[in-house]
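What follows is one structure encoded as structure tokens, with my remarks underneath.
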Amino acid sequence: MNRTVLALSLTAVVSIAAVTEAAAWTRTGSTTTPRGTYSSAAAGGCAGGTCSRSAVATGPYGGSVARSGSVTRTAPGTYNYSRTTTGPYGNSVSRSGTVSRY
């Protein structure tokens, strides 16, 4: 599990570092509950009609969940999206599709 947490953390750092456009943003935070402290980091940005976001959240016992995704405008009122979520044991779920307003 430690390799998975390290890989997820490195993926999040690389994703955060890759967002360097003028519209880029980053956020970090933590929350303390009776069960322990949870920390998170996220970054995103937009350029050339595509907006992307990457985030990682780590629980008090070291397990992490990472999510990355993007949305691209392909025509007026039409958008393609994709996202991948990776859990603390390395399993991933990916989703993608197209959304139209009309």
Side-chain angles (χ1 to χ4, degrees):
M1 183 165 114
N2 288 336
R3 286 186 193 168
T4 302
V5 172
L6 178 61
L8 292 173
S9 298
L10 289 175
T11 301
V13 169
V14 170
S15 297
I16 290 170
V19 179
T20 58
E21 298 91 22
W25 55 268
T26 60
R27 291 192 180 116
T28 59
S30 64
T31 301
T32 301
T33 70
R35 294 183 178 189
T37 300
Y38 297 80
S39 60
S40 62
C46 297
T50 299
C51 292
S52 60
R53 176 183 182 268
S54 295
V56 64
T58 304
Y61 303 109
S64 293
V65 174
R67 176 178 277 180
S68 62
S70 64
V71 175
T72 302
R73 181 178 185 221
T74 56
T78 304
Y79 302 87
N80 287 342
Y81 68 90
S82 65
R83 79 165 185 243
T84 300
T85 303
T86 304
Y89 301 109
N91 297 325
S92 296
V93 175
S94 297
R95 300 280 188 257
S96 62
T98 300
V99 177
S100 296
R101 286 190 318 187
Y102 299 98

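Pairs engaging residues 54-102 under the disulfide (SG to SG under 2.5 Å) rule: none recorded [sequence neighbours left out].
Separating the CZ atom in Arg101 from the OH atom in Tyr79 is a distance of 6.0 Å, to the nearest 0.5 Å. Considering OG1 of Thr86 and CZ of Arg67, their distance stands at 10.5 Å, rounded to 0.5 Å.
Using a 4.5 Å heavy-atom cutoff, the side chains of Pro60 and Tyr38 are in contact. Looking at heavy atoms from C-beta onward, Tyr61 lies out of side-chain contact with Arg35 at the 4.5 angstrom threshold.
A search for side chain to side chain donor-acceptor pair (under 3.5 Å) contacts involving Arg83 returns nothing, not counting sequence neighbours. For Ser39, the side chain to side chain donor-acceptor pair (under 3.5 Å) test picks out no residue, with sequence neighbours left out.
Considering Ser54, Ser92, Ser96 in turn, Ser92 is the only one that fulfils the side-chain contact (heavy atoms from CB on, under 4.5 Å) rule with Thr84.
The heavy-atom pair separating Ala23 from Cys46 by the smallest distance is CB-O, 3.8 Å. Closest approach of Ser64 and Thr58 over heavy atoms only: OG-OG1, 2.9 Å.
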- Let me see the working for Thr32 and Thr37 under side-chain hydrogen bond (donor to acceptor under 3.5 Å, both in side chains), right down to the final yes or no. CA-CA 4 Å; Thr32 301; Thr37 300; 3.2 Å; yes
